[in-house]
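Here's the structure we're looking at; comments come further down.
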Amino acid sequence: MDGTTLPHGELTSMTTRRTRWQEAGQSGNFGRRFAELIASGEDVDGEARLADTLLPRGARVLDAGAGMGRVAAALLRRGHDVVAIEPDEALVRQARETYPGLPIEERDLLDLGPQDGPFDLVVCVGNVIVYLAEGTERRALGAMRDVLGESGRILVGFHLQDPPAHARTYPVEEFEADLAAVGLRVDLRAGTYQLHPANDAYGVWILSRAQA
């Protein structure tokens, strides 16, 4: 919880393609909606509770595609050393307003390299994967793999059916083929962040490096 930020290399690999999230153009509405939910006392910590159960105390966590910071803030409150990255300027601004002191950086997960790790857990929830720029999914998954510690894991979740506006549909078979292609294995697949059985509507995965 020392407010660490990720180091930038001399060169970055920011994608030149517009992401599906940019095409949607809804960052302001998204941030305001969650800020209102939080202010009203709604429970928005489901992903963070699951992430917390996967970790030892004081673990190092990367929230990749942190949005307006709700998951990162919840993990910070639970005593973890959290770094959040989010490429959307409006959401970064909202995160800093809603959670003063949250260590969040305006940065794309495609810029991650091995030097940014190691992390005990990478959190990539809230449909981040299905809002990536077309054709960058394997790059993103590989970037998250590269920052994992020796026993590190990745928590991913997204809609399988009826995705939000401008998000892609990412079939389970295609997603898991992409995981295998970049050297990740599925440790668990569930249908919710409360670990209900896998279903066709929503997917939650816990991943780790594939064994050599």
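Sequential numbering from 1 along the given sequence is applied to the chain's residues.
Using a 4.5 Å cut-off on side-chain heavy atoms (C-beta onward), Leu188 and Leu195 make contact. Here the side chains of Val125 and Val204 are not in contact, with every heavy-atom distance at 4.5 Å or above. Here the side chains of Val128 and Val156 are not in contact, with every heavy-atom distance at 4.5 Å or above. You'll find the side chain of Glu47 reaches within 4.5 Å of the side chain of Arg70, heavy atoms only.
Distance check: Leu55 CG to Asp81 CG gives 11.0 Å after rounding to the nearest 0.5 Å. One finds the CG atom of Asp63 at 7.5 Å from the CD1 atom of Ile104 (value rounded to the nearest 0.5 Å). The distance from atom CE of Met144 to atom CG of Leu148, rounded to the nearest 0.5 Å, is 9.0 Å. To the nearest 0.5 Å, atoms CZ (Phe158) and OH (Tyr170) are separated by 7.0 Å. To the nearest 0.5 Å, atoms CZ (Arg189) and CH2 (Trp205) are separated by 5.0 Å.
Minimum heavy-atom separation, Gln94 to Met68: CG-CB, 3.7 Å. Leu132 and Ala140 make their closest contact through CD1-CB, 3.5 Å (heavy atoms, listed as atom of the first residue, atom of the second, distance).
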Can you check side chain to side chain contact (heavy atoms under 4.5 Å, CB included) on Leu179 and Val186, steps first, answer last? CA-CA 8 Å; Leu179 296 176; Val186 175; 3.7 Å; yes
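A donor and an acceptor atom, one from each side chain of Arg185 and Ser208, are located under 3.5 Å apart. A donor atom on one side chain and an acceptor atom on the other are found under 3.5 Å apart for His80 and Asp52.
A distance-only check finds no donor-acceptor pair linking the side chain of Asp120 to the backbone of Gly152 [under 3.5 Å].
Within 6.0 Å of CD on Gln194 lie more than 12 heavy atoms contributed by other residues, nucleotides or ligands.
Residue pairs meeting the side chain to side chain donor-acceptor pair (under 3.5 Å) criterion with at least one partner in residues 155-165, sequence neighbours excluded, are Asn127-His159.
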